[in-house]
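Everything below concerns the one structure shown next.
Per chain, numbering begins at 1; letters A, B, ... match sequence-line order. Basis for what follows: all heavy atoms, side chains included, without hydrogens, waters or symmetry-related copies. From a predicted model like this one, the values you see are computed outputs, not experimental measurements.
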4 protein chains.
Amino acid sequence: MRVGILGATGYTGQELVRLLSNHAAAEIIYLGSSSMAGKSYAGIFPQFSSEAAVELQDETVPDGVDVLFCALPHGITAARAGNYLARGIKVIDLGADFRLHRPEVYEKWYKVKHPAPELLPEAVYGLPELHRNGINGKSLVANPGCYPTATLLALVPLLRAGLLQEDSLIVDAKSGVSGAGRGASLGTHFSEVNENFKPYGVAEHRHTPEIEQELSEAAGRELVVSFTPHLVPMIRGILVTIYAGIKEGVDEDDLRAAWQESYRDEVFVHVLPEGVWPQTKFASGGNHAFLQLMVDRRTGRAVIAAAIDNLVKGASGQAIQNMNILFGLPEDLGLKGRGMWP
Amino acid sequence: MRVGILGATGYTGQELVRLLSNHAAAEIIYLGSSSMAGKSYAGIFPQFSSEAAVELQDETVPDGVDVLFCALPHGITAARAGNYLARGIKVIDLGADFRLHRPEVYEKWYKVKHPAPELLPEAVYGLPELHRNGINGKSLVANPGCYPTATLLALVPLLRAGLLQEDSLIVDAKSGVSGAGRGASLGTHFSEVNENFKPYGVAEHRHTPEIEQELSEAAGRELVVSFTPHLVPMIRGILVTIYAGIKEGVDEDDLRAAWQESYRDEVFVHVLPEGVWPQTKFASGGNHAFLQLMVDRRTGRAVIAAAIDNLVKGASGQAIQNMNILFGLPEDLGLKGRGMWP
Amino acid sequence: MRVGILGATGYTGQELVRLLSNHAAAEIIYLGSSSMAGKSYAGIFPQFSSEAAVELQDETVPDGVDVLFCALPHGITAARAGNYLARGIKVIDLGADFRLHRPEVYEKWYKVKHPAPELLPEAVYGLPELHRNGINGKSLVANPGCYPTATLLALVPLLRAGLLQEDSLIVDAKSGVSGAGRGASLGTHFSEVNENFKPYGVAEHRHTPEIEQELSEAAGRELVVSFTPHLVPMIRGILVTIYAGIKEGVDEDDLRAAWQESYRDEVFVHVLPEGVWPQTKFASGGNHAFLQLMVDRRTGRAVIAAAIDNLVKGASGQAIQNMNILFGLPEDLGLKGRGMWP
Amino acid sequence: MRVGILGATGYTGQELVRLLSNHAAAEIIYLGSSSMAGKSYAGIFPQFSSEAAVELQDETVPDGVDVLFCALPHGITAARAGNYLARGIKVIDLGADFRLHRPEVYEKWYKVKHPAPELLPEAVYGLPELHRNGINGKSLVANPGCYPTATLLALVPLLRAGLLQEDSLIVDAKSGVSGAGRGASLGTHFSEVNENFKPYGVAEHRHTPEIEQELSEAAGRELVVSFTPHLVPMIRGILVTIYAGIKEGVDEDDLRAAWQESYRDEVFVHVLPEGVWPQTKFASGGNHAFLQLMVDRRTGRAVIAAAIDNLVKGASGQAIQNMNILFGLPEDLGLKGRGMWP
């Protein structure tokens, strides 16, 4: 498999290079960058030295690429994807362009017209544990956002099983700073971020409609969620804490059973033993997700938590997982690495 | 005013020394420590060098102390407070012994019998912005917990005004590691905590009944809350994110007006301009609290946030604020320091 | 004393505001900013809220200012200082323009022509513990750099006493990220800096000639030093580790005695008890410096360490100390705050 | 290859498990722990879940182990190694017991009698890039310390080539906190370590004689070094900054050429392009070392820097590299992972 990466110098691009350099069936033949074409990848990122001998090129994707990872700002991939697909290149988009099924929702939250609404029906929302069958045989995969990945892994099985009150869902989410990407700004300046904790994008984060789309589909009815992201003074990791009313007669065992049934055969999703709560560090550098829940008898609510590495299961690792599925490979090929501790 | 501090070597003890060393009307004449009696305070904590010339003594409180800050594990202060009070010493307890009005609640959450239930009626819950009049003239102040301080400042005015659905309250709380004190453990080991984020004490944290007691009083009826604390890889700071259903006909302006009315004349509580959300660093090292809220029209819920420094407004600073009230001094004497940024 | 600050929105500007807001004899009447004129200071920096009611103005310094702190990029203050001085305003420059006595040295290291070489003889290098008498009565103070402050406090007394081999001096310096200021860049981006440690500016950092000028003066002969700064993943603090050959017949007691003699009456410089090595946190937020040394018998070298807060004793605190001297005030007025721990 | 690990729950033990779980030719069949025998490894360390299905046993090494990694406190491995060797088990000691050739040096620095001096001649100092031939065919490998690994990779080629003044060497070393292991103490308590930087063990760190032994061997004469370790508020990474006088007539190109010659064919040692200085994050999670140097013409000294991940190239990765050599496998088998960035 000959792999190309657009946006190769961003964090998800770098993470693709790191993970793919240990992938037995993939060879990177193209690294594209709008700003650093002509430079040696290893020259910019010394950690890769020799094996990433590929030189950065401009964003013209060469022939011979079997699968193209697009790690670009929203709007750009959609404008070009048709061309790639026509050339027989499978496209895995790490951006937001093909995640939302309805262009009007995209336009409402992203404030731009969708550049290629005609491609939306061809795209699949690539969360393998929840949509595996839909991914197989597709050529255009919308790789999920980081917050949605954690949230959906926690909630979809419970909603599919009809265990939760659909109007009660509150997702209090916390992310490391790498989620903001490699662009420097006052908001990601070390001296402003370290020893600090804050909410941001309250009630207006763009992952909200993505979460709602998938949860509504799982619930079989339209629903909305309260979603509040926060910035944690750490580089990697997402933890979502979810509060949910449970339906009459439902207890903790029912919830846990729904998870077990969904994830029994999954290699990347781990329902932790009772009482062990997820920590983001469990997942650091690995493509794994960790789940826990309890029902608080005093309040009658379920408290649910999920942790992932935002750059791996929340982005580049999941993208490779999708690639493996597209090409009929074992799903964890190149993704066996475990979280790095400490 | 001659001040004594029991538990002078813990973090809240150190913070009392730091803040009191700039207090024009207070002189530290006694520093007690069970484990380090006989040592020089400045020898253990070089940052204090000369001005903390007081030598650490054992926990026998000497005569001449006008006010005693007790920064001790729960259970100990209650057993001794009667004696101090009988000697005419005013007691400000930074621990939990006198925060809960009902001894059976204390015993349920702290798993020990309350050592001095007869003193509970004499104690006042020392959150000045909400109970100022009750503090004046008292001799025994229960200094609030850090999480309750942030939560109550945010919610009490709204509940008193009858604006929130009392059964809908969810408090998702995040704290820096200093809240765990100076005792070393695997759970506060740098390599386990840094680059990590996790919930802890889910549905069983001891600040829950304290929050519920005060919120119930404000609401005029018993209520329970979902309260989930999380550990942030930073030293200082607490931020609580609160989700609340609002009553029919209530809008964002009503909520904001209730805050404005409560805090218009307060020097330590700041309702931020619309759209500016609290960050823990605003408060770092200072005795200030920062509040913001919005009503999310899509979900109909209010999202509310409050930030404080857990060791200052959440502990030692508030204790000094209480001392100032007890002695009829300006409430911000010795507490004018602003948050340190960056 | 009516105080003005140019560059009020940078980190040293903010730190001046924080410290001066507790200064009994100083009132801020002017805050200048090239980019944010017209905005409310408290609106940009909510931690200051009410007391910093002064609105940001452009960089035209109004009449009535007695003393002006210039926290500007190098080159700018020099071009304007003559005007301020002519108007009777005392100038304390936190930048580099007046630190180097010889304009050709300035031009070599800063790569620009000095805008006002004629003012250099009027300026005093404002390290009070080493040049106190020279500061008194001056109108133009060059506030020392952060690295030089730590280095000079450690070395000047030893060189003045003729105890060290002048050609042996190696200064391995480590700084928190706030030293790079408030401007966002990839080099100060949280995800690049956290969990990372690196040298920078090896053998070319602009504080080198400043250190050498002062050490040469202390030694009574020209000398050069190896100076290597490093970036520590923390916000505040500088620690310098210095290696020095000692002269024949000199032992550890001689070195220590030279320090004791120099600093016996200093309120801000602390020679730690034997075996207690400086930590940057001792100084965090305070205007204090902490020193330690030992002679390693195996190698015959002295190992010397000094720690300060780069934004306080290394910048804004020292600037206020200089102001106090200029106006005949107690040197620690407004600077009594102790390091914040933890 | 059937692998056993003693001390499997410490950080180097965990790192061995992480790295070996992706090693094509090694199977972990035994995990020993003095304190947690009987527990499931994945139960304690959820990041490993399924693949580390091995249960923790006591420290009795079972039959069938081909190679045993000993990650134990010093003194213990030496007392047991003879027994393991007699049973035909190859031993790789991550502790200090077999690093120093002369038992009297061990006893001087470790303050205990060496338990098995008769085994010292059988041990090889396992720094493959410098002693590869000596490792082949051995059964007892002393895996180097973390500081020595970085220091020796930087200095040995230069000393072997006779380019440095042997009495001039100063090693200013900086380490992340994980080097202190998993044991909780005040010195590794998050609130004491974060936002702090300090030297420790000045002139008495136990890696000093190890460095001196190897440098003396390379130089062909006894030499001593100034070695000062510092604690950086980060988890992983070591950077050493070295100052060295150069011999008459030597220039920067000579030094660089000596490195190039030594490391041209090494997969794990990278001499960075001129002007690019090592950062610890280049190495994070990978078994790679990064080097840079320059000659400062003003002082005539070389400034040299090397960075590694203390837990990988500085411990467990290098141990696996040694295992690969012992068993005739490709040296980078299981070690192809690149540093994780960000």
Answer yes or no: is there an ion pair linking [X] with [Y], defined by an N-O contact shorter than 4.0 Å?
X      : Y      : answer
C/D172 : C/K174 : yes
C/D251 : C/R297 : no
C/E15  : C/R236 : yes
D/E166 : D/K247 : yes
C/E212 : D/R298 : yes
C/D167 : C/R221 : yes

*Among C/A203, C/A307, C/S226, single out the residue with the greatest number of heavy-atom pairs under 4.5 Å to chain D.*
C/S226

*Should D/N196 and D/L231 be marked as a side-chain contact (heavy atoms from CB on, under 4.5 Å) after you check the CA-CA gap, both sets of side-chain angles, and the distance that decides it?*
CA-CA 8 Å; D/N196 199 0; D/L231 195 65; over 6 Å; no

If you tally heavy-atom pairs under 4.5 Å against chain C, which of [options] wins?
options                        : answer
D/S168, D/G300, D/G237, D/G176 : D/S168
D/P278, D/A305, D/G245, D/A283 : D/P278
D/I170, D/V224, D/L223         : D/I170
D/E192, D/K198, D/H189, D/E195 : D/E195

Toward chain C, the part of [X] with a non-hydrogen atom under 4.5 Å:
X      : answer
D/V202 : both
D/F197 : both
D/L169 : backbone
D/I235 : both
D/H230 : side chain

*Pair D/E274-D/E252, side-chain contact (heavy atoms from CB on, under 4.5 Å): steps then yes or no*: CA-CA 11 Å; D/E274 256 179 82; D/E252 193 171 308; 4.0 Å; yes

_Quick one, D/L153 with D/Y263, criterion side-chain contact (heavy atoms from CB on, under 4.5 Å). Give me CA distance, side-chain angles, the key distance, then yes/no._
CA-CA 9 Å; D/L153 288 172; D/Y263 299 131; 3.7 Å; yes

Check each atom of [X] against the heavy atoms of chain D and say whether the ones under 4.5 Å are side chain, backbone, both or neither.
X      : value
C/R301 : side chain
C/S284 : neither
C/V303 : side chain

